[in-house]
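Below is one structure, written out as structure tokens; the observations come after it.
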Amino acid sequence: MGLRKKNARNPSVLSHEFIVQSHADMVSCVGMFFVLGLMFEGTAEMSIVFLTLQHGVVVPAEELSSGSRTLYHYGIKDLATVFFYMLVAIIIHATIQEYVLDKISKRLQLTKGKQNKLNEAGQLSVFYIVSGIWGMIILTSENCLSDPTLLWRAQPHNMMTFQMKFFYISQLAYWFHSFPELYFQKVRKQDIPGQLIFIGLHLFHIGGAYLLYLNHLGLLLLMLHYAVELLSNVCSLLYFGDERYQRGLSLWPIVFISGRLVTLIVSVVTVGLHLAGSQTRNANGLSGNVNVLAAKIAVLSSSCSIQVYITWTLTTVWLQRWLEDMSLQAPGRRRRSRAKKGTENGVENANRIDFPPKKKEKAL
């Protein structure tokens, strides 16, 4: 039997095209090693570090009103857990891309640039929807919606529940997986700096809330942020659809500005009340003691900076789209104005003289 010839659909092994096309299968094989490690006694202890949450502590019933339960700190072992769920995020990303977004792109017959924007907006929309539903379930189960004061007086202040820690681990894993996706999705070089800033800001603020034990505040701010981002990405998806659906996009600026204002207000009020009162000089982030003036300034400035950056970025994007639409509509308007003789800007010219048609002479 002869060897199969190489073509565009079957690139050589370990080539750039091969890695891009088969990265989901390769990552799945790596993830299976950690899962199969649970089957053997010698590797089970190591595999558990990657698959389950670590640094758990059983808190007795005397310290909690709800009874004894297992709460969690953060530690160095969380990096292994983040790495494993980063692999899971890459697999889910590839599945959505292949079975949903690629089929939509072929149906709409978009250009390469619009196809990349559609893929980005579609992936982020799915992530924002799942994170929003998950976050609301956590806030409801921990009574943060019925008692907002838990945002700054949650006890114990240096521990978190299982679902809260798993949420933050998943968030960090998703945004870390965005770095290799820049290679897998063949992002243009001129777009990479903006993507790195966008990903880095999310990691900085999510990681900051996780390390400073501002879990409830960070979760609430993420829900507000994701709600506005979801609307923005839905508008981007509608931008590629029928023109009749683009009229509803006028509501986006109102919701966008309102969401940013609410986020800033919640940040200022919650951080002010959480860190108000007596300020201790012995700050220790590992014990959850961030009640110092420096922490106030750092948290508030970072919250304001990301709002300003996102507002500026999305405003420039939508302004660019508006200018592109105006430039595309201008030639059409010029052709229609030239087609109407004797009119200027749609108004009939009063100085125009219409001569009566000549009568044909009758044949003798």
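Since this is a predicted model, take the numbers as computed values, not measurements.
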Check your understanding: Between Y85 and A173, is there a donor-acceptor pair closer than 3.5 Å when you use the side chain of the first and the backbone of the second?
Key -> no

Rounded to the nearest 0.5 Å, what separation is found between the [atom1] atom of [X] and the [atom2] atom of [Y]?
X    : Y    : atom1 : atom2 : answer
I91  : M86  : CD1   : CE    : 11.0 Å
L196 : L201 : CG    : CG    : 11.0 Å
S125 : I96  : OG    : CD1   : 10.5 Å
L203 : S178 : CG    : OG    : 7.5 Å
L211 : I206 : CG    : CD1   : 12.0 Å
L230 : L124 : CG    : CG    : 10.0 Å

When clusters are formed by joining ILVMFWY residues with side-chain heavy atoms under 4.5 Å apart, either directly or through shared neighbours, do [X] and [Y] land in the same one?
X    : Y    : value
I137 : L139 : yes
V35  : I90  : yes
L101 : I129 : yes
V88  : F162 : yes

Distance-only donor-acceptor hits, side chain of residues 37-60, under 3.5 Å, sequence neighbours excluded:
residue: T43; atom: OG1; partner: G37; partner atom: O; Å: 2.8
residue: S47; atom: OG; partner: F34; partner atom: O; Å: 3.2
residue: S47; atom: OG; partner: T43; partner atom: O; Å: 3.1
residue: T52; atom: OG1; partner: I48; partner atom: O; Å: 2.7
residue: T52; atom: OG1; partner: Q54; partner atom: NE2; Å: 3.1
residue: Q54; atom: NE2; partner: I48; partner atom: O; Å: 3.2
residue: Q54; atom: NE2; partner: T52; partner atom: O; Å: 3.2
residue: H55; atom: NE2; partner: K77; partner atom: N; Å: 3.3

Check your understanding: Going through the distances and angles, do L118 and Q115 end up as a side chain to side chain contact (heavy atoms under 4.5 Å, CB included)?
Key -> CA-CA 5 Å; L118 174 65; Q115 184 177 356; 5.6 Å; no

Practice item. Check whether more than 12 heavy atoms from other residues, nucleotides or ligands sit under 6.0 Å from atom CZ of F204, and answer yes or no. Key: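 Counting other residues, nucleotides and ligands, CZ of F204 stays at 12 neighbours or fewer.
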
pair [X]-[Y]: side-chain heavy atoms closer than 4.5 Å:
X    : Y    : value
S105 : N119 : yes
M160 : H73  : no
D78  : K165 : yes
F83  : F176 : no

Tell me every residue that passes side chain to side chain contact (heavy atoms under 4.5 Å, CB included) with [X], counting only those two or more places apart in sequence or in another chain.
X   : value
F33 : none
A24 : A94
I76 : L79

Point to revise | Qualifying residues under side chain to side chain donor-acceptor pair (under 3.5 Å), relative to S141, sequence neighbours excluded | key: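 Here the qualifying residues are Q163.
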
Point to revise | Contacts of N116 that satisfy side chain to side chain donor-acceptor pair (under 3.5 Å) - sequence neighbours left out | key: none

Practice item. For this output row, return yes or no: ring centroids of F167 and Y210 closer than 6.0 angstrom. Key: no

Practice item. Only counting residues at least two apart or in another chain, list the ones meeting salt bridge (charged side-chain N to carboxylate O under 4.0 Å, His left out) with E142. Key: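 Salt bridge (charged side-chain N to carboxylate O under 4.0 Å, His left out) check on E142 returns nothing, list empty.
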
Point to revise | Partners meeting salt bridge (charged side-chain N to carboxylate O under 4.0 Å, His left out) with D102 (sequence neighbours left out) | key: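 If we apply the salt bridge (charged side-chain N to carboxylate O under 4.0 Å, His left out) test to D102, skipping adjacent residues, there are no hits.
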
Result block: side-chain N/O donor-acceptor pairs under 3.5 angstrom for residues 219-228, not counting sequence neighbours:
residue: H225; atom: ND1; partner: R260; partner atom: NH1; Å: 3.1
residue: H225; atom: NE2; partner: H202; partner atom: NE2; Å: 2.9
residue: Y226; atom: OH; partner: Q171; partner atom: OE1; Å: 2.6
residue: Y226; atom: OH; partner: W175; partner atom: NE1; Å: 3.3

Review point. Among F166, Y168, Y128, whose ring-ring contact (aromatic ring centres under 6.0 Å, His included) with W134 holds?
Key: F166

**Study point:** Test ring-ring contact (aromatic ring centres under 6.0 Å, His included) applied to Y174 - qualifying residues, sequence neighbours left out
**Key:**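 Here the qualifying residues are F127, H177.
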
**Study point:** Summary of ring-ring contact (aromatic ring centres under 6.0 Å, His included) pairs that have at least one residue in residues 95-118, sequence neighbours excluded
**Key:**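 ring-ring contact (aromatic ring centres under 6.0 Å, His included) check on residues 95-118 returns no pairs.
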
Which atom pairs, one a donor and one an acceptor, fall under 3.5 Å between side chains of residues 182-195 and the rest of the protein, sequence neighbours left out?
residue: Y183; atom: OH; partner: H16; partner atom: ND1; Å: 2.8
residue: Q185; atom: NE2; partner: H93; partner atom: NE2; Å: 3.4
residue: Q185; atom: NE2; partner: E181; partner atom: OE1; Å: 3.3
residue: K186; atom: NZ; partner: E17; partner atom: OE1; Å: 3.2
residue: K186; atom: NZ; partner: E17; partner atom: OE2; Å: 3.1
residue: R188; atom: NE; partner: D191; partner atom: OD2; Å: 3.0
residue: R188; atom: NH2; partner: D191; partner atom: OD2; Å: 3.0
residue: Q195; atom: NE2; partner: E120; partner atom: OE2; Å: 3.1

